[in-house]
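The structure appears right after this line, and notes come after that.
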Amino acid sequence: MLPTVPLRRLAVFASLALLPAAALADGEVNLYTTREPGLVKPLLDAFTEDTGIAVNTVFVDAGLPERVSAEGENSPADVLMTVDFGNLADLVDAGVTQPVESDVLEAVVPENLRDPEGRWYALSMRARVLYASKDRTDLDAFTYEKLADPAWNGKVCIRSGQHPYNNALIAAYIAHHGEEATRTWLEGVKANLARQPGGGDRDVARDILGEICDIGIGNSYYVGLMRSGAGGPDQEEWGKAIDIVLPTFADGGTHVNVSGAAIAAHAPNRDNAIRLLEFLVSEEAQAIYAKANFEYPVREGAEVDPIIADLGPLTPDATLLTNIATHRKAASELVDAVGFND
């Protein structure tokens, strides 16, 4: 009878099978990422060209914290890369990251866009912006608070309140105003909806063109995807139909979410992992981020894609993302409590 192999060790074997035989050797680094292969490949190729360090990449659709946790101390993972600061906080909560002290990362990544203990760092940003009809609105400025203004009754479109993009925005609202004020705000936004929340951010632009609504909330990088023609001719027309306003909180800046990365708790190639993170905030890598997915660089003064630059200067809200992350559960509960998606 064959010996029983523990499930944790099976998970480790499965990960190692996806990597080259020399994956743990000097001159290499092992990346687990939920980001799309087409986006990260140019970055990783540039890193290898600059440093000679090969990057072995495992693309993970879901369950990144669970996977690395199951692999335990023998995990080959060096760097964990994902989208949404909530997912980065989940990695920390799962105990699969380790703190990193890096003068480069601390100098480039603003304090509000990284974990205070160095357990993750933002690499790029996307702003939660206002899409507004070019024909039926004339807005130079806007605050998130105004989404609940009765003047917009029946004129607002938005995707599900439980989607991570909106959960993060609602959590940020809690951080600024508290839970009771956020409940009142959500009730006001719901009263202003032109249709049931749903679809994606680009559907908001589509419905503005279709005169279903006049304004809506969406991510900034979708503007680039639409207006560049990357999403096809229909989406290009949606992008042309909307003006973009960078909203702010009444007492703050524009809400942003991030892509980011952390060093795995048991990284076998820790030094190379830190070199990869430091490269990803370099001028070269930040320009690739901007070009590949219309994201905002976290590095001050780094080049921004012209389509995104045309949206105007971005002033990210200064609230610590780690603080906002603590309000995610309350944000989700409030969405259900007011029946926002009903």
Does [X] reach the main-chain N or O of [Y] with its side chain, forming a donor-acceptor pair under 3.5 Å?
{"X": "N192", "Y": "G154", "value": "no"}
{"X": "Q162", "Y": "S332", "value": "yes"}
{"X": "D84", "Y": "Y165", "value": "no"}
{"X": "Y289", "Y": "V298", "value": "no"}
{"X": "W152", "Y": "L193", "value": "no"}
{"X": "N30", "Y": "P76", "value": "yes"}
{"X": "N87", "Y": "V83", "value": "yes"}
{"X": "Q196", "Y": "N341", "value": "yes"}
{"X": "R114", "Y": "V109", "value": "yes"}
{"X": "E295", "Y": "R126", "value": "no"}

Would you say the side chain of [Y] lies within less than 4.5 Å of the side chain of [X], judging by non-hydrogen atoms?
{"X": "R159", "Y": "N166", "answer": "yes"}
{"X": "L43", "Y": "L280", "answer": "yes"}
{"X": "F142", "Y": "L246", "answer": "no"}
{"X": "H327", "Y": "N323", "answer": "yes"}
{"X": "L320", "Y": "E111", "answer": "yes"}
{"X": "L225", "Y": "F294", "answer": "yes"}
{"X": "R275", "Y": "T51", "answer": "yes"}
{"X": "R202", "Y": "W238", "answer": "yes"}

Counting only heavy atoms not in [X], do more than 12 sit closer than 6.0 Å to its [atom1] atom?
{"X": "E303", "atom1": "CD", "answer": "no"}
{"X": "E283", "atom1": "CD", "answer": "no"}
{"X": "K291", "atom1": "NZ", "answer": "no"}
{"X": "E284", "atom1": "CD", "answer": "yes"}

Could you state the interatomic distance from [atom1] ([X]) to [atom2] ([Y]), rounded to the nearest 0.5 Å?
{"X": "I307", "Y": "M226", "atom1": "CD1", "atom2": "CE", "result": "10.5 Å"}
{"X": "D310", "Y": "D305", "atom1": "CG", "atom2": "CG", "result": "9.0 Å"}
{"X": "M81", "Y": "L39", "atom1": "CE", "atom2": "CG", "result": "8.5 Å"}
{"X": "I174", "Y": "L169", "atom1": "CD1", "atom2": "CG", "result": "10.5 Å"}
{"X": "Y131", "Y": "C157", "atom1": "OH", "atom2": "SG", "result": "12.0 Å"}
{"X": "L80", "Y": "L64", "atom1": "CG", "atom2": "CG", "result": "5.5 Å"}

[X] to [Y] - nearest heavy-atom pair and separation:
{"X": "T57", "Y": "L44", "result": "OG1-CD1, 3.3 Å"}
{"X": "A261", "Y": "L88", "result": "N-CD2, 3.9 Å"}
{"X": "A194", "Y": "I212", "result": "CB-O, 3.2 Å"}
{"X": "L314", "Y": "A127", "result": "CD1-CB, 4.0 Å"}
{"X": "F85", "Y": "A168", "result": "CZ-CB, 3.7 Å"}
{"X": "V79", "Y": "A273", "result": "CG2-CB, 3.5 Å"}

Test item: side-chain donor near acceptor, [X] and [Y], under 3.5 Å:
{"X": "D214", "Y": "T137", "answer": "no"}
{"X": "N257", "Y": "R128", "answer": "no"}
{"X": "E145", "Y": "H177", "answer": "yes"}
{"X": "D317", "Y": "H176", "answer": "yes"}
{"X": "T248", "Y": "T254", "answer": "no"}
{"X": "R35", "Y": "S259", "answer": "yes"}
{"X": "Q235", "Y": "R227", "answer": "no"}

Check: Could you go step by step and tell me if R67 and V58 meet the side-chain contact (heavy atoms from CB on, under 4.5 Å) rule?
Finding: CA-CA 11 Å; R67 175 170 183 157; V58 175; 3.8 Å; yes
Hydrophobic clusters here meaning ILVMFWY residues chained together by side-chain heavy-atom distances under 4.5 Å, can you tell me if [X] and [Y] are in one?
{"X": "I324", "Y": "L186", "value": "no"}
{"X": "V245", "Y": "I215", "value": "yes"}
{"X": "L113", "Y": "V304", "value": "yes"}
{"X": "L123", "Y": "L91", "value": "yes"}
{"X": "L31", "Y": "Y121", "value": "yes"}

Notebook entry, point to check: Given the rule in the side-chain contact (heavy atoms from CB on, under 4.5 Å) test, do V55 and E28 qualify, once you have shown the distances and angles that lead to the verdict?
Noted result: CA-CA 6 Å; V55 183; E28 296 192 332; over 6 Å; no
Checklist line | Residues E187, K190; criterion salt bridge (charged side-chain N to carboxylate O under 4.0 Å, His left out); working and verdict | finding: CA-CA 5 Å; E187 290 172 341; K190 179 182 178 178; over 6 Å; no
Item checked: Derivation and outcome, salt bridge (charged side-chain N to carboxylate O under 4.0 Å, His left out), residues R206 and D203 -> CA-CA 5 Å; R206 177 200 65 192; D203 294 325; 3.3 Å; yes
Check: Given the rule in the side-chain contact (heavy atoms from CB on, under 4.5 Å) test, do L277 and V100 qualify, once you have shown the distances and angles that lead to the verdict?
Finding: CA-CA 10 Å; L277 260 61; V100 171; 5.7 Å; no
Notebook entry, point to check: For the residue pair H255 and F249, does the interplanar ring angle fall in the parallel (under 30°), tilted (30 to 60°) or perpendicular (over 60°) class?
Noted result: perpendicular
Notebook entry, point to check: Given the rule in the side-chain contact (heavy atoms from CB on, under 4.5 Å) test, do L311 and Y296 qualify, once you have shown the distances and angles that lead to the verdict?
Noted result: CA-CA 11 Å; L311 305 184; Y296 286 99; 4.0 Å; yes
Check: What's the verdict on salt bridge (charged side-chain N to carboxylate O under 4.0 Å, His left out) for D78 and R270, showing C-alpha distance, side-chain angles and the deciding distance?
Finding: CA-CA 6 Å; D78 291 310; R270 186 177 187 273; over 6 Å; no
Notebook entry, point to check: What's the verdict on salt bridge (charged side-chain N to carboxylate O under 4.0 Å, His left out) for R328 and D90, showing C-alpha distance, side-chain angles and the deciding distance?
Noted result: CA-CA 11 Å; R328 289 180 297 154; D90 289 341; 3.1 Å; yes
